[in-house]
Amino acid sequence: MSDPVSIPAPSAPSDFIRDIVRDDLASGRHQRVVTRFPPEPNGYLHIGHAKSICLNFGIALENQGVCHLRMDDTNPTKEDVEYVDSIIADVRWLIEGWADGILGLKPKGMGPEAAPDEVDFRLSATATHLGQPMEPFYASDYFDALYGFARQLIRLGRAYVCDLTPEETEQYRGSPDRPGRNSPYRNRTVEENLALFEKMKEGRFPDSACTLRARIDMESPNIWMRDPVIYRIRHADHHHTGNRWCIYPMYDFAHCLSDYIEGITHSICTLEFEVHRPLYDWILESLQLPRSLPHQFEFARLNLGYTVMSKRKLLQLVQGGLVSGWDDPRLPTISGLRRRGVPASALRAFAHEIGVTKYNGLTDLSVFEFAVRRELNRVAVRRMGVLRPLRLVLTNIAEGEVHWFDAVNNPEDPSAGTRKIPFSRHIFIEQEDFQENPPPKYFRLRPGGDVRLKYACIIRCDEVIKNDVGEVVEIRCTADLESHSGGANAARKVKGTIHWVSAGHSIAATVRLYDRLFTVAEPDKEEGDFRQYLNPESLQELEAQLEPSLAEAVGETRFQLERIGYFVRDSRETDSNRPVFNRTITLKDGWAKESARPG
RNA sequence: UGCCCGAUGGUGUAACGGUAGCACAGCAGACUCUGGAUCUGUUUGUCAUGGUUCAAAUCCAUGUCGGGCAGCCA
């Protein structure tokens, strides 16, 4: 069976950022587009990052450019290689078969080059190193270059070493409606600053003893222009540079210059960085750099209903044991969604569907669910399985008698072919497909009523057998074998068709049903701790009976259990004799809507 | 009561001074050996008030509402 490729002929995406890129290319401002996806390796990627990945890689792809994967790793105390590895895996999975060709990596170990007498460092993704081991870009690979840029800023009189404590720095900064005050260390000489900065680098000072600050304007209405800290002292090992450094650049200093070093043309980030843009531009312009400068553009991050998106909150769920890990199928992490069975193509289709704007809204979960169902409907093979089995005996079929019927593998894709499924005297049907006293418009099995067993034949309910406490434990029916496909009564019409499995042939399996993680659409906007709104029924585990073909290793193949939903084999629990399947998503349920109707 | 950004049906978006369109959701129906899929029809919208203009969702002003910014986090 074929792998998901892409959504059918999607219209070319269009948004305000793509408009800008198009205009920049048309005007000759840039010859080639270079974007970047710059996660900090301090957590796992989630569906919000997927939106950003689709934007950055999409723009590069549409314009024959390249998109660098860069670890934005300037804070050694929060970052870890575990996260680096997961990020690489998640990005590769998301873009596979779509944008792999423009994924910008660099030869392992390569750093930026600088001309001897020039303050200019550069490093670009290149296809000429094919065959060499490749790795993502790392902001931490630029620490030498960044140190050089910082010295240049000092020489230009635009940065100084400040001895204020963290508390004093905060006080001097003022507040949004009150201007800040100049640091007493603001007017140190260039020589003094150079010497002090050197000492910072050499480790002569403890953490937080001093900082390097940009010399801008303590009275600026924009707080980020009030002499922001651009280097701090941290005697900590870094996941990528080890113990080589004890001073680390801040985001604002590192990011714009990393973009410059890599030749990024369009640096796309989320709205909260909007107020940082003047600083981004100030640093680059102050340095009097020879090459053309990157520009920052901001878009609204994704908010999805009934989940949380912040790395901090996801971390709390993981560390608190409230979920099974970063790849818990209920989480909106890319690894969680992958384990849940969501195809990468569905994530891409979703990103395309929601668009890119500067409006901070809340995307309805149904938009995401629709994208998932649309992809799965196209590619998933159909199988039968009973989640909550109810015994049913066909009294006119002999013990040991077995009929093999043809079943269509995918009505949306004739090339998927058919398979044979066994049918016998003892079968299981879904408990909810029988009702002794059914409500109006109930089309399934009832006493004296008939129903079609999908791919098999029509049966009539003759007898209901109950246990001591009045529960239905078995249904006894007669089968009209002539009503199977090709039979004399094949054209017989009945209202309902239900799924089933042959009890002597079916396999037992554990099935995990997932529901939304939270009971409210915006957990982080409710009163109190967001964790109190966790949905206690977000995971339900059932012992199901599945048709025999599902005993074979199905790997990552997604399949639909007819009338129930889409499933995938759990990628972690593969050792046990009993397979574990995850329900990716339910089928749209028209009956649930009908039966919920008042009256 | 500082600065920045935003506002189009229930939700997400398009319209780039000239017919307010699309998707999801909803509703109604057709079809169906998945109450799935598919198909048809359909309800609902330019935050407010002024101004510019032959013409404003679009430009301007004011207001309202929402978001962001005071880490030696990113």
Side-chain angles (χ1 to χ4, degrees), chain A residues 11 14-16 19 38-40 42 72-75 77-79 162 164-166 169-170 173-180 207-213 220-226 228-234 248 250-252 254-255 269-278 298 300 305 311-312 353-371 373-374 377-378 382 384 407-408 411-412 441-444 452-458 483-485 490 492-499 560-565 586-595:
Chain A
S11 55
S14 168
D15 52 67
F16 74 100
D19 289 346
E40 182 189 15
N42 69 341
D72 204 2
D73 55 352
T74 56
N75 184 350
T77 63
K78 292 193 172 178
E79 296 146 9
C162 178
L164 253 26
T165 65
T169 305
E170 190 183 331
R173 183 160 38 231
S175 61
D177 54 350
R178 196 170 28 112
D207 285 4
S208 295
C210 50
T211 57
L212 184 70
R213 293 229 256 160
S220 170
N222 181 342
I223 282 187
W224 293 101
M225 297 299 270
R226 319 238 266 229
V229 171
I230 56 177
Y231 261 94
R232 75 297 213 177
I233 301 171
R234 286 284 175 278
Y248 292 92
M250 297 286 291
Y251 164 83
D252 288 296
H255 204 91
C269 61
T270 44
L271 250 26
E272 66 269 28
F273 293 101
E274 214 160 13
V275 287
H276 293 241
R277 189 177 353 125
E298 310 87 14
K311 279 193 200 171
R312 201 186 106 255
E353 200 59 51
I354 58 178
V356 178
T357 65
K358 299 186 77 160
Y359 176 72
N360 219 310
L362 176 69
T363 298
D364 202 296
L365 236 203
S366 66
V367 179
F368 173 70
E369 294 179 332
F370 174 79
R373 288 197 182 101
R374 182 175 50 185
N377 178 51
R378 278 179 47 239
R382 311 298 137 118
M384 287 205 288
V408 173
E412 307 293 321
K441 296 186 184 172
Y442 183 82
F443 299 156
R444 288 110 95 166
R452 179 179 287 279
L453 295 177
K454 177 98 182 174
Y455 302 127
C457 60
I458 294 169
S483 64
H484 75 83
S485 293
R492 245 186 91 185
K493 295 287 181 201
V494 287
K495 275 277 208 181
T497 300
I498 64 174
H499 59 274
Q560 180 196 105
L561 246 28
E562 296 214 34
R563 304 212 303 137
I564 298 174
T586 61
L587 250 29
K588 209 164 85 182
D589 189 348
W591 168 244
K593 210 187 301 179
E594 175 70 35
S595 60

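Worth saying up front: this structure is predicted, and the values here are computed from it rather than measured. Just so it is clear, the values below take in all heavy atoms, side chains as well, and ignore hydrogens, waters and symmetry mates. Below, chains carry the letters A, B, ... as their sequence lines are ordered, and counting in each starts from 1.
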Rounded to the nearest 0.5 angstrom, the CG-OG1 distance for A/L453 and A/T497 is 9.0 Å
Could you tell me how the ring of A/H276 sits relative to the ring of A/F273: parallel (under 30°), tilted (30 to 60°) or perpendicular (over 60°)? perpendicular
A/Y359 atom OH is separated from B/U46 atom P, nearest whole Å, by 15 Å
For the pair made of CD1 in A/I354 and P in B/U13, what is the distance, rounded to whole Å? 8 Å
Under 4.0 Å between a side-chain nitrogen and a carboxylate oxygen: does that hold for A/K358 and A/E274? yes
Between B/A56 and B/A61, how many Å separate the two C1' atoms, rounded to a whole number? 15 Å
Output field dot_bracket for RNA chain B (Watson-Crick or G-U, both distances under 3.5 Å, | for other-strand pairs) contains .((((((..((((....[..)))).(((((.......)))))....(((((..]....))))))))))).....
Using the P atom as the reference point in each nucleotide, state the distance between B/U8 and B/A57 in Å, no decimals. 15 Å
Say we look at B/U64 and B/C47: how far apart would their C1' atoms be, to the nearest angstrom? 7 Å
What interatomic distance, in whole Å, is found between C1' of B/U43 and the corresponding atom of B/A7? 24 Å
Please state the C1' separation for the pair B/A14 and B/U52 - nearest whole angstrom. 26 Å
Where the side chain of A/D73 meets the backbone of A/E40, is there a donor-acceptor pair that is under 3.5 Å apart? no
Kindly indicate, with the supporting measurements, whether the criterion side-chain contact (heavy atoms from CB on, under 4.5 Å) is fulfilled by A/R374 and A/E369. CA-CA 9 Å; A/R374 182 175 50 185; A/E369 294 179 332; over 6 Å; no
Summarise how protein sits on nucleotides 33-42 of chain B as a single string, 5' to 3': B when a protein heavy atom is under 4.0 Å from the base, S for sugar-phosphate-only contact, - for no contact. BBBBS-----
Between A/W591 and A/F443, ring centroids under 6.0 Å: no
To the nearest angstrom, how far is A/K358 atom NZ from B/U8 atom C1'? 18 Å
How would you label the glycosidic angle of B/G71: syn (within 90° of 0) or anti? syn
Is it the case that A/S220 and A/N222 place a side-chain donor and acceptor less than 3.5 Å from each other? no
Donor-acceptor pair, distance only, cut-off 3.5 Å: does the side chain of A/T357 make one with the backbone of A/Y359? yes
Please report the distance separating the C1' of B/G26 from the corresponding atom of B/C65, rounded so that it comes out in whole Å. 27 Å
When you compare the side chains of A/R213 and A/T169, does any donor N or O come within less than 3.5 Å of an acceptor on the partner? no
If you measure from the P atom in B/A15 to the same atom in B/G6, how many Å do you get, rounded? 15 Å
Counting side-chain heavy atoms from C-beta on, which of B/G26, B/U13, B/A25 comes nearest to A/T357? B/U13
Just to be sure I understand the rule, does A/G355 reach a base, reach only the sugar-phosphate, or reach nothing, if contact means heavy atoms closer than 4.0 Å? nothing
Atom CD of A/E369 and atom P of B/G26: how far apart are they, to the nearest Å? 11 Å
Using side-chain contact (heavy atoms from CB on, under 4.5 Å), reason through A/I233 and A/C210 one step at a time and then give a plain yes or no. CA-CA 7 Å; A/I233 301 171; A/C210 50; 3.9 Å; yes
Spacing of A/D15 atom CG relative to B/A15 atom C1', expressed in whole Å: 15 Å
Write down the distance separating the P atoms in B/A20 and B/C24, rounded off to the nearest Å. 23 Å
Summary of protein contacts for nucleotides 65-74 of chain B, nucleotide by nucleotide, where a base hit scores B, a sugar-phosphate-only hit scores S (4.0 Å, heavy atoms): --SBSBSBSB
Are A/E562 and A/Y455 close enough that a side-chain donor and a side-chain acceptor fall under 3.5 Å? yes
Separation of A/F16 atom CZ from B/A7 atom P, in whole Å? 10 Å
A/R563 (side chain) donor-acceptor with A/L587 (main chain) under 3.5 angstrom: no
